[in-house]
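Only heavy atoms go into these numbers, but all of them, side chains included; no hydrogens, no water, no symmetry mates. Below, chain A is the first sequence line, B the second, and so on; all start at residue 1.
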There are 2 protein chains.
Amino acid sequence: MGVTIKDVAKEAKVSIATVSYVINNKGNVTDETQEKVLKAVKKLGYQPNLSARNLVGQKSNLIGVLIPNWGNADRLSESSHDNFNFDNPFYGNILNSIETLSTKEGYSILLIGSTITADKVKNVILQRDLDGLIIIGALPKLIDNLSEIKIPIVLIDSYTKQEEFYKVGIDDEYGGYIATKHLLDLGHKEIGLISGELIEDGVDMERFKGYKKALLERNLPIKEENICNVGVSMEGGYYGIEKLLKQNQQLTAIFSTADIMSMGIYKKLNELKYKIPEDISIVSFDNFPYTEFLHPSLSTVSQSVFLKGRRATELLIDLIAGDRVDKQTLTLPIKLIKRDSVKRL
Amino acid sequence: MGVTIKDVAKEAKVSIATVSYVINNKGNVTDETQEKVLKAVKKLGYQPNLSARNLVGQKSNLIGVLIPNWGNADRLSESSHDNFNFDNPFYGNILNSIETLSTKEGYSILLIGSTITADKVKNVILQRDLDGLIIIGALPKLIDNLSEIKIPIVLIDSYTKQEEFYKVGIDDEYGGYIATKHLLDLGHKEIGLISGELIEDGVDMERFKGYKKALLERNLPIKEENICNVGVSMEGGYYGIEKLLKQNQQLTAIFSTADIMSMGIYKKLNELKYKIPEDISIVSFDNFPYTEFLHPSLSTVSQSVFLKGRRATELLIDLIAGDRVDKQTLTLPIKLIKRDSVKRL
DNA sequence: TTGAAAGCGCTAACAC
DNA sequence: GTGTTAGCGCTTTCAA
């Protein structure tokens, strides 16, 4: 242990209580003593020990960020690192957003990844005495396990109905709807869907609902051979489009529920000598920066990952501060960005 | 505060010392008492408070991960989120790698981003009593500030000569060399370089050295008009290639020191109706998963971000454990991946 | 084999 | 306005 409050007290020739008062701006301290203490603090390079502070019942000023489905389950094996499903920039982006505001507000981020099991999350919360938790893309099993926890929890991209959680997200069903409708408006009728696994309360399920809604609105059938559920990765898109193309040669357009999959779709179509959008149109979801840099640039539903992180953090910090927060669920705006991957039929 | 050791002691009808012995596997405890205690622990859902543990001089089991140049400095402004320079997947990937092993070894990750100033890093280390620190792409100023810190520090991608730090990286000069040599071997002579800012002890500087070395070996001049330093981002590449093309119409090839910039280069070349590799060849650096999915697929120097994170974490954990570590600097292998973005002249 | 008690660094109630 | 002190939850020495 380094410099403690005792050392400062000795140096400034005051009691440790006085030092505590000064560094916490509490109690009435003379300007003179204040200055003495501050000088000692500076001279010794004193930094209060947060463990000790935490122990006397203060906040930990620690926010946990949990990313349950980050990377592959088997990534602990070194030999598998070539398949490391690392590529979705979403997680890095949102982490950056969360960390930035948290730091500004005096919180530190405890990063909790996906190897941790649902019941161990609770342990970490208890052990580290987290002030709050943000969960990105929470799975139902995880959430069930956490409902008895008494710290504020904000869920990003979850559609759970459990009322004890605050939520930040977008209207994924609407996103799926406008993406599909865009295709329909341009005359497409045989529209394939490539999405991640349809998990209960997950975003892909909602985007799928939007897809169905748009088709049903035009009295178009939902054909099973037009739908393919894959991993949310480039590989997923790569193999998904191949499968779909085999199952239905009439396909003129694809709605891909994630940009990362669209990368793989592009590659496969290139290999197959399909031209985008001449032979097949694509609408995607996310509007990651790189979509503009693809050739042709990708039409996609735009969401702000930055704002998702920012709003979730704001909400959590308010909750920690005990500020009454009126809305349990915050839905951020999205819009369709029309670029060059779609043609009129 | 929740369940404490006292509660467990009461429940098990033993002293708190005995509980402590049991949960730490210390002292000699009868199987019988052990069982009593364990049962009480389970019944009450007890989790030891790490702050308290830490206070009695134990390890904090916290590893800091510092990402100094993550995103834009001005990203605190909401209006700037469209420019959010978020897109380099490198940081998310390496974080994932570090977090995975750390968790497995019983450490938690404290994420420290780029808004934090150099002197504040020291405060966090002291306040949270970090057991160790990993710094990704450390700037000299930051490192100078940290040299007096007594916890183990592992630097990823830094070429500082300061001996108190352990380092994990690749041979960036060699990478720049083989990339450029590949181009030279195929007959290219006018080779442009698009790289990030040439910062002291940084990777771009080394890759640039490799570029120079390869050219000099063939008695080719290093032309200033062939070199462009930009931000390591898609935009950087986008504007960099435009500038280079204007400055020298004879260019037949580009060495881009980061895949993320190559994305921008592809876009600009597409807009300009340059064909890759027919009109211009490109060799890049990183081998991010998406490079294989670009069209044409990108020839690039491959490094394992996964291993960088993994080895750095292993090293740090050994250091924390007090295990003598022989090598101060670990250099991981790289190799050139030849794909379709380069043609023989 | 188990327990009592000191003490880690700090805050806050209370006394002066 | 400043100091004394109890106590946060835990580990560990020492005694029994």
Distance below 4.0 Å between [X] side-chain N/O and [N] OP1 or OP2:
| X | N | result |
| --- | --- | --- |
| B:Ser15 | C:dT2 | no |
| A:Asn28 | D:dG1 | yes |
| A:Arg53 | C:dT11 | yes |
| A:Asn49 | C:dC8 | no |
| A:Gln58 | D:dC8 | no |
| B:Lys26 | D:dT12 | yes |
| A:Lys6 | C:dC8 | yes |

Tabulate atom names and distances for all N/O pairs under 3.5 angstrom spanning the protein and nucleotides 13-16 of chain C.
residue	atom	partner	partner atom	Å
C:dA13	N6	A:Tyr21	OH	2.8

With sequence neighbours left out, what residues match B:Asp157 under salt bridge (charged side-chain N to carboxylate O under 4.0 Å, His left out)?
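Here the qualifying residues are B:Lys308.
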Counterpart residues, salt bridge (charged side-chain N to carboxylate O under 4.0 Å, His left out), relative to A:Glu200 (two or more places apart):
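Result, salt bridge (charged side-chain N to carboxylate O under 4.0 Å, His left out) vs A:Glu200: none returned.
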Whole angstroms only, please: what is the [atom1]-[atom2] distance between [X] and [N]?
| X | N | atom1 | atom2 | result |
| --- | --- | --- | --- | --- |
| A:Lys59 | C:dT11 | NZ | P | 14 Å |
| B:Gln34 | C:dT1 | CD | P | 12 Å |
| B:Asn24 | D:dT13 | CG | P | 13 Å |
| A:Tyr46 | C:dC10 | OH | P | 3 Å |
| A:Ile5 | C:dG7 | CD1 | P | 18 Å |
| A:Ile23 | C:dC10 | CD1 | C1' | 8 Å |
| A:Ile16 | D:dT4 | CD1 | P | 9 Å |
| A:Asn54 | C:dT11 | CG | P | 11 Å |

Within the distance-only criterion (no hydrogens, no angle test), does the side chain of B:Ser51 pair as donor or acceptor with the backbone N or O of A:Leu55 below 3.5 angstrom?
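Judged by distance alone, no pair lies under 3.5 Å.
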If only atom types and distance count, is the side chain of A:Ser102 paired as donor or acceptor with the main-chain N or O of A:Ile98 below 3.5 Å?
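Flag set: sc A:Ser102 to bb A:Ile98 pair under 3.5 Å.
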Residues that A:Lys161 engages under side chain to side chain donor-acceptor pair (under 3.5 Å), provided they are two or more places apart
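Testing A:Lys161 for side chain to side chain donor-acceptor pair (under 3.5 Å), a comparison that skips the adjacent residues, returns A:Asp201.
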Under the side chain to side chain donor-acceptor pair (under 3.5 Å) test, which residues partner B:Tyr159, sequence neighbours left out?
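Partners of B:Tyr159 by the side chain to side chain donor-acceptor pair (under 3.5 Å) criterion, ordered by chain and then number, come out as B:Asp172.
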So what is the end-to-end bend of the helix from C:dT1-D:dA16 to C:dC16-D:dG1, with 5 pairs used at each end and the value given to 10 degrees?
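That helix gives 40° between its end axes.
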Where the side chain of B:Thr18 is concerned, which of D:dG9, C:dT2, C:dT11 is the nearest nucleotide?
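Closest nucleotide among those given: C:dT2.
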Excluding sequence neighbours, so at least two apart, what forms side chain to side chain contact (heavy atoms under 4.5 Å, CB included) with A:Asp31?
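Expected list: none.
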Which residues satisfy the side chain to side chain contact (heavy atoms under 4.5 Å, CB included) test with A:Glu164, sequence neighbours excluded?
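Checked A:Glu164 against side chain to side chain contact (heavy atoms under 4.5 Å, CB included); matches are A:Ser147, A:Gln162.
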Would you say the side chain of A:Leu130 lies within less than 4.5 Å of the side chain of A:Leu110, judging by non-hydrogen atoms?
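Yes; the side chains approach each other to less than 4.5 Å.
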Only pairs under 3.5 Å count here: list side-chain donor-acceptor contacts from residues 58-67 of chain A, not counting sequence neighbours, and write none if there are none.
residue	atom	partner	partner atom	Å
A:Lys59	NZ	A:Tyr107	OH	2.5
A:Ser60	OG	A:Leu62	N	3.3
A:Ser60	OG	A:Asp129	O	2.6
A:Ser60	OG	A:Asp131	N	3.4
A:Ser60	OG	A:Asp131	OD1	3.3
A:Asn61	ND2	A:Gly106	O	2.8

When all nucleic acid strands are considered with a 4.0 Å heavy-atom cut-off, which category describes A:Thr30: base, sugar-phosphate, or nothing?
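The answer is sugar-phosphate, as A:Thr30 gets under 4.0 Å only of primed atoms, P, OP1 or OP2.
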Over all strands shown, is B:Thr33 touching base, sugar-phosphate only, or nothing at heavy-atom distances under 4.0 angstrom?
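Since only primed, P, OP1 and OP2 atoms lie under 4.0 Å of B:Thr33, the category is sugar-phosphate.
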